[in-house]
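For reference, the structure discussed in these notes is given below.
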Amino acid sequence: MSRDDIIEAEGVVTEILPGTNFRVKLTNGHVITAYLCGKMRQHTVRVCVGDKVKVAMSPYDITKGRITYRNRQ
């Protein structure tokens, strides 16, 4: 799978789960489970409930994703 196959979507964090996992509600209404990408974990980017985030998902499993960007407010 290449980088071109990744599906990107925007959403809002609705719940913080254990193990740096998050419940994210996408703009189309779907709710997925997402985790932080490596760079965000390395630079200790804090993600809170209500933050708008950009999520990258695999086309094979669209119920899970990776948070790649947190929008500043």
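- Using a 4.5 Å heavy-atom threshold, the side chains of V49 and I16 count as touching.
- Across all their heavy atoms, R46 and R70 have their closest contact at O-NE, 3.1 Å.
- Both V45 and V13 are part of a single hydrophobic cluster, where members link through side-chain heavy atoms under 4.5 Å apart.
- Tested against F22, the residues T33, L17, L36 include a single side-chain contact (heavy atoms from CB on, under 4.5 Å) partner, L36.
- Here the shortest heavy-atom pairing between V47 and V53 reads CG1-CG1, 4.4 Å.
- For the residue pair T68 and A56, the shortest heavy atom distance occurs at CG2-CB, 3.9 Å.
- Residues I6 and Y69 fall into different hydrophobic clusters, defined by Ile, Leu, Val, Met, Phe, Trp and Tyr side chains chained together at heavy-atom separations under 4.5 Å.
- Between E8 atom CD and R66 atom CZ the span is 9.0 Å, to the nearest 0.5 Å.
- One distance of note links CD1 of I7 with OG of S58; it measures 7.0 Å at 0.5 Å rounding.
- Interatomic distance, R23 CZ to N21 CG, rounded to the nearest 0.5 Å: 9.0 Å.
- Using a 4.5 Å cut-off on side-chain heavy atoms (C-beta onward), L26 and M57 make contact.
- Distance CD1/I67 to CD1/I32: 8.0 Å, rounded to 0.5 Å.
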